[in-house]
Amino acid sequence: SSKGGIPAGSIASVKQRDTVGRVGQAQKPGMFELEVEVLGLRSEVDEQAQRVQRCEEILAREQSNMLRAVRGVEREQGQMQSKVDDLWQKLPQLTAVLAPLQVHV
């Protein structure tokens, strides 16, 4: 279990280093708390970096999917434009065929 975003193992290692690594030295007040705070901040930064990386991966996937969808829409639009152009070119022929059938009122 972590306390305040600090992994429990980190606190234990700081406590152990604090007692073992400083034998015979005068400890400054608040130094242990500062080390714990630094470890907590490092842990928080690591978690945020992982979140940022996941977001970047999601954005890259979404961008790829969106570009694929845009290319599909562009292809469909091109096909539709081609059909409209074909019909537009045939319109004069159709008008000529239908002209004799027109009812004069």
Side-chain angles (χ1 to χ4, degrees):
S1 170
S2 65
K3 186 175 185 181
I6 303 167
S10 298
I11 293 173
S13 66
V14 169
K15 285 181 182 176
Q16 183 180 23
R17 191 173 66 238
D18 192 48
T19 57
V20 174
R22 297 183 181 185
V23 175
Q25 295 179 359
Q27 183 178 354
K28 296 180 183 176
M31 198 60 143
F32 173 72
E33 290 80 12
L34 182 61
E35 288 185 53
V36 171
E37 181 69 23
V38 168
L39 282 174
L41 291 173
R42 283 182 182 166
S43 174
E44 195 175 313
V45 166
D46 289 343
E47 290 171 9
Q48 289 177 359
Q50 289 174 358
R51 277 194 299 258
V52 167
Q53 185 175 358
R54 283 193 300 270
C55 288
E56 287 173 344
E57 291 168 357
I58 290 168
L59 284 173
R61 262 195 319 272
E62 289 299 318
Q63 182 181 18
S64 174
N65 292 340
M66 186 173 29
L67 289 175
R68 190 176 316 116
V70 167
R71 284 192 301 268
V73 168
E74 287 174 341
R75 185 175 47 254
E76 290 173 14
Q77 191 267 340
Q79 293 169 350
M80 186 67 67
Q81 184 66 44
S82 176
K83 290 177 184 179
V84 168
D85 289 344
D86 289 345
L87 289 173
W88 187 254
Q89 289 176 358
K90 293 177 183 177
L91 184 62
Q93 294 170 347
L94 181 60
T95 304
V97 169
L98 293 177
L101 301 175
Q102 211 169 21
V103 177
H104 295 288
V105 180

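Residue numbers count from 1 along this sequence.
- Under the side-chain hydrogen bond (donor to acceptor under 3.5 Å, both in side chains) criterion, D46 pairs with no residue at all, not counting sequence neighbours.
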Determine all donor-acceptor pairs shorter than 3.5 Å in which one atom belongs to a side chain in residues 50-61; sequence neighbours excluded.
none

Which donor-acceptor pairs under 3.5 Å do the side chains of residues 69-96 make with protein atoms, sequence neighbours left out?
{"from": "Q81", "atom 1": "NE2", "to": "D85", "atom 2": "OD1", "distance (Å)": "3.1"}
{"from": "T95", "atom 1": "OG1", "to": "L91", "atom 2": "O", "distance (Å)": "2.9"}

